[in-house]
Chemist: 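Before I ask anything, let me first share the structure, which is written out below as structure tokens.
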2 protein chains.
Amino acid sequence: MKHLVRTSKNLGHAIRQARKAKNLTQKELASMSGVWQETISKIENGSGGTKLETLFDLIAALDLEITVTERSKGTSDGLEDIF
Amino acid sequence: MKHLVRTSKNLGHAIRQARKAKNLTQKELASMSGVWQETISKIENGSGGTKLETLFDLIAALDLEITVTERSKGTSDGLEDIF
DNA sequence: ACTCCATATGACCTCTGGATCATAAATTGT
DNA sequence: ACAATTTATGATCCAGAGGTCATATGGAGT
């Protein structure tokens with residue numbers, strides 16, 4: 001699945017989905033990423049300006065990757081998942 | 001161009017490249033994104049944990065998009081740009 | 001209903017990112 | 001070399017993110 005991320009809320013969804021897909025609890029993800037369970041909860045619920053470093057920790061622990069590209073001109077190839 | 005972003009430094013490169021590609025100065029990007037020129041400078045140089053909201057502002061102003069996907073298994077299709 | 005685990009919330013404290021202004025250093029043009 | 005523009009740095013201040021602990025709420029399962 002590919003998540004187009006424009007807001008913190010999008011991000012939260014992507015993180016939560018990836019975590020669930022791996023059958024991890026927030027606590028487990030917390031211990032493998034070094035990010036507190038409480039913080040993960042907030043992030044998954046899209047609460048405000050997380051720090052990038054925190055995001056990278058989560059992304060790495062979840063085996064995800066972030067890419068930055070030019071905005072695709074209309075070509076919504078159907079793989080995106082926007083919230 | 002597609003930038004795989006794992007660190008703040010990667011991010012900085014992606015931002016700077018996109019800005020240059022559009023022939024914008026930091027000050028111009030600053031006024032169109034609402035992010036201070038000084039802050040843009042720091043971000044482009046990869047200095048530390050930027051806030052997500054700031055990043056989103058920049059990304060939007062530069063017509064870029066962020067996607068989160070599962071880490072591609074080996075398939076380095078040659079389009080990435082890692083720093 | 002009652003456990004047990006998961007997730008959310010609330011409070012406190014510390015640390016740091018970003019706004020803001022000033023200025024230094026680097027780059028570009030002539 | 002010089003002037004002009006762009007980028008970097010340095011300092012101060014403030015808001016808020018995350019570490020940390022305690023607790024509340026929610027959900028499964030029995």
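Computed from heavy atoms alone, side chains included, the values below leave out hydrogens, waters and symmetry copies. Order of the sequence lines sets the chain letters (A, B, ...), proteins ahead of strands, with each chain counted from 1.
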Chemist: Which residues in residues 21-40 of chain A have a heavy atom closer than 4.0 Å to any atom of DNA chain C?
Modeler: T25(A), Q26(A), Q37(A), E38(A)
Chemist: Should L29(B) and L62(B) be marked as a side-chain contact (heavy atoms from CB on, under 4.5 Å) after you check the CA-CA gap, both sets of side-chain angles, and the distance that decides it?
Modeler: CA-CA 8 Å; L29(B) 178 55; L62(B) 287 169; 3.9 Å; yes
Chemist: Ion pair present between R19(B) and E44(B), side-chain N to carboxylate O less than 4.0 angstrom?
Modeler: yes
Chemist: Rounded to whole angstroms, how far apart are CG on L55(B) and C1' on dG17(C)?
Modeler: 14 Å
Chemist: In whole angstrom, give the distance that lies between atom CG of L52(A) and atom P of dG18(D).
Modeler: 10 Å
Chemist: Looking only at atom types and distance, does a side-chain atom of Q17(A) sit under 3.5 Å from a main-chain N or O of A14(A), one as donor and one as acceptor?
Modeler: no
Chemist: Nearest-Å distance, CG (L58(A)) to P (dG18(D))?
Modeler: 10 Å
Chemist: Return a single string for nucleotides 24-30 of chain D, one symbol per nucleotide in 5' to 3' order, where B is base contact, S is sugar-phosphate-only contact and - is none, cutoff 4.0 angstrom on heavy atoms.
Modeler: -------
Chemist: Can you find a heavy atom in the side chain of M1(A) that is under 4.5 Å from one in the side chain of H3(A)?
Modeler: yes
Chemist: Closer than 4.0 Å, any side-chain N/O of T50(B) to the OP1 or OP2 of dG17(C)?
Modeler: no
Chemist: In whole Å, what is the span from the CD atom of E44(B) to the P atom of dA8(D)?
Modeler: 7 Å
Chemist: Side chains of N10(B) and T7(B) only: does a donor on one sit below 3.5 Å from an acceptor on the other?
Modeler: yes
Chemist: Tell me the interatomic distance from K42(A), atom NZ, to dT9(C), atom C1', rounded to whole angstroms.
Modeler: 8 Å
Chemist: Choose from dG18(C), dA8(C), dA8(D) the nucleotide whose nearest atom is closest to any side-chain atom of R16(B).
Modeler: dA8(D)
Chemist: Side-chain contact, heavy-atom cut-off 4.5 Å: E65(B) with L4(A)?
Modeler: yes
Chemist: Please state whether the phosphate of dA8(C), meaning OP1 or OP2, lies under 4.0 angstrom from any side-chain nitrogen or oxygen of S41(A).
Modeler: yes
Chemist: Check whether any side-chain heavy atom of I59(A) sits under 4.5 Å from a side-chain heavy atom of R6(B), and report yes or no.
Modeler: no
Chemist: Grouping I, L, V, M, F, W and Y whenever their side-chain heavy atoms are under 4.5 Å apart, do W36(A) and L55(A) come out in a common cluster?
Modeler: no
Chemist: Which heavy atom of A61(B) sits nearest a heavy atom of M32(B), and at what distance?
Modeler: O-CE, 3.6 Å
Chemist: In terms of the nearest nucleotide of DNA chain D, which residue is placed more toward the 5' end: K51(B) or N45(B)?
Modeler: N45(B)
Chemist: What's the CD1-C1' distance between I15(B) and dT7(D), to the nearest Å?
Modeler: 16 Å
Chemist: Rounded to whole angstroms, how far apart are CG on L11(A) and C1' on dA17(D)?
Modeler: 15 Å
